[in-house]
Amino acid sequence: MRIEKYKIEEHNQFLLKEHKRRFDFIASDIKNIEDILQKLIEFQVAIPSWALGTGGTRFARFSGGGEPKNLEEKIEDIGLLHALNRSSGAISLHIPWDIPKNAANIKALAAQLDIRFDAMNSNTFQDQPDQKLSYKFGSMQHVDKAVRKQAVEHNIEVIKYGVELGSESLTVWLSDGSCFPGQLNFRKAFQNTLESLQEVYAALPDNWKMFVEYKPYEPNFYSMTVGDWGQSLLYVTKLGIKAYTLVDLGHHLPNANIEQIVALLLMEGKLGGFHFNDSKYSDDDLTVGSIKPYQLFLIFNELVEGMNARGMHHATDLGWMIDASHNVKDPLEDLLQSVETIMISYAQALLVDRKKLVDAQNNNDVVAAQEILQHSFRTDMRVLIAEARLRAGGALNPLIVYRAEKVRENLIKERGSKTVATGL
Ligand code: RM4
Ligand code: MN
Ligand code: MN
């Protein structure tokens, strides 16, 4: 299914008067509004190929119907999102869930829909039917060199698929670790993992980046071999300039100060990318900003401050990806909400009066510092996001159009109610 441009314009016409009234009201208050709008238009968030179907837990999975059956349909789904919000112009692929069987065709389809290929993801946390050796006791950390070699070769294959599609980065998330004390020699596990990562790193094309993602627990519950940002930073520092740490918001122990982690990784030039989601307890993969919107804002505040300090381009110098799982919502609606929330937090961070904040910090004026941040956080930026979308050719209100055009109903009609998308 595709949504024609004139349909979006029709909907916009209907909402335009009210939008203009609200926009003019806020515009007079914001000094750098044109700059903010330009940055919002440029900012793109990659959609994960594994989150376009219904997610599940280890207890059950309740499909919503009309799920994409193959990579082409996944790209079409992202095309729908991008047509509506003009901020989802990228896809992050997971291999082997989404092997591009005909790269040229896939590339052409994506180009038609104005979608590029963001980070490629490898998978050595599951065994595949045709796989020789098992990852039950880890992949890159494994005591058996042959298993490590298999994991390395898989990652190199993922890079090859990425090269065919025009991707420029590889994300490695390892489930390696141990479930019980004594199971593993921590030092040897680290060294094996480092050596394996080095072999993959050696196969990276010059213009590629490698992201090493950390996670404190699950599926291993006693230790994880890339368990936190310190461990990831150790690996990427040893690997070299093309290696960076990737922060997945759900991959922290409760109450971790993620914004501080982000600030320090950026300071070291070692922050590579993001996986957006939210969590109440652990790696819940809930909609970003649905539980802790203030934390998300504080993270963006550090991102903007830190990227500016290093002269980085906000939209392109870091990898921005969603990594969520939709168990009870329509995945496409959830993704529209996710992108909107990310844009809002980014816009709020752009609004922060940096000069005043520095003054407050230098004067130890704690109250003023809090006021400055909370002023931005409490400013309703939704109308700015809508204006940026409008200027970029998207919908003033993507969710309204999605529902009015009966997208899910149409997808169910096209694809059936029993299709199952590969992924989580
Ligand atoms: C992991 C991690 C990875 C993702 C897999 C599916 O928990 O977040 O980024 O690729 O899930
Ligand atoms: Mn992740
Ligand atoms: Mn995760």
Side-chain angles (χ1 to χ4, degrees), residues 45-58 61 74 90-99 117-128 135 138-140 151 154-155 158 161-162 167 169-177 197 200 209-221 224-229 231-232 235-236 244-254 256 258 261-262 265 271-288 290-291 296 299 318-327 331 334-335 338 342 421-424:
V45 184
I47 305 295
S49 68
W50 61 101
L52 293 158
T54 315
T57 65
R58 66 189 197 275
R61 180 181 181 279
K74 289 183 174 189
I91 180 170
S92 184
L93 291 188
H94 228 301
I95 305 292
W97 291 336
D98 291 295
I99 292 184
F117 292 88
D118 212 293
M120 301 292 293
N121 298 261
S122 57
N123 177 343
T124 58
F125 47 87
Q126 293 174 322
D127 285 347
Q128 305 305 323
Y135 294 132
S139 57
M140 292 197 178
H154 164 68
N155 275 274
V158 174
Y161 287 127
S167 164
S169 48
L170 169 74
T171 298
V172 182
W173 172 68
L174 298 173
S175 66
D176 292 37
L197 288 170
V200 177
K209 292 179 180 175
M210 181 168 168
F211 301 144
V212 178
E213 180 177 358
Y214 58 89
K215 178 169 177 174
Y217 70 94
E218 193 204 36
N220 276 295
F221 292 103
M224 290 285 276
T225 299
V226 195
D228 59 23
W229 71 284
Q231 292 169 45
S232 169
Y235 288 109
V236 298
Y244 300 83
T245 294
L246 182 135
V247 176
D248 180 314
L249 296 182
H251 291 189
H252 300 89
L253 294 173
I258 304 175
I261 295 173
V262 166
L265 284 172
L271 181 65
F274 255 84
H275 277 180
F276 291 107
N277 50 48
D278 209 343
S279 63
K280 177 76 179 158
Y281 301 105
S282 57
D283 191 24
D284 307 342
D285 280 339
L286 299 174
T287 320
V288 58
S290 60
I291 308 280
L296 185 67
I299 291 169
L318 292 181
W320 307 109
M321 291 159 274
I322 290 173
D323 183 6
S325 174
H326 323 289
N327 302 345
D334 193 323
L335 289 162
S338 300
I342 292 166
T422 46
L424 284 172

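As the structure is a prediction and not an experimental result, all values here were calculated from the model. Read the numbers this way: they start at 1 and go in the same order the structure lists the ligands and their atoms.
Inclusion of H94 in the set of residues having an N or O under 3.5 Å from an N or O of ligand 1 is warranted. Below 3.5 Å of separation, one finds no N or O of W50 facing any N or O of ligand 1.
Only the side chain of K215 comes within 4.0 Å of ligand 1, judged by heavy-atom distances. Here T171 has no heavy atoms under 4.0 Å from ligand 1, in either its backbone or its side chain. Of all the heavy atoms of N123, none lies under 4.0 Å from any atom of ligand 1, so neither backbone nor side chain is involved.
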Step-by-step side chain to side chain donor-acceptor pair (under 3.5 Å) determination, N277 to D323: CA-CA 6 Å; N277 50 48; D323 183 6; 4.8 Å; no
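Every atom of ligand 1 is numbered from 1 in the order shown, and the set under 4.0 Å from a heavy atom of H251 is 2 (C), 7 (O), 8 (O). Taking every non-hydrogen atom of D323 and a distance limit under 4.0 Å, the qualifying atoms of ligand 1 come out as 2 (C), 3 (C), 4 (C), 8 (O), 9 (O). Set against the non-hydrogen atoms of D248, the atoms of ligand 1 under 4.0 Å away are 8 (O). Listed by number with element, the atoms of ligand 1 under 4.0 Å from a non-hydrogen atom of D283 are 7 (O). Atom numbering of ligand 1 starts at 1 in the shown order; those under 4.0 Å from a heavy atom of H275 are 9 (O).
Remark: at the Mn ion (ligand 3), atom NE2 from H251 and atom OD2 from D283 enclose 90°, rounded to the nearest 10 degrees.
Looking only at atom types and distance, the side chain of T57 has no donor-acceptor partner in the side chain of N327 under 3.5 Å away. Between the side chains of D176 and S139, a donor-acceptor pair is found at a separation under 3.5 Å. No side-chain donor-acceptor contact under 3.5 Å links T245 and Y214.
Between H94 and F125, the angle of the ring planes goes over 60°, which puts this pair in the perpendicular group of the 30/60° scheme.
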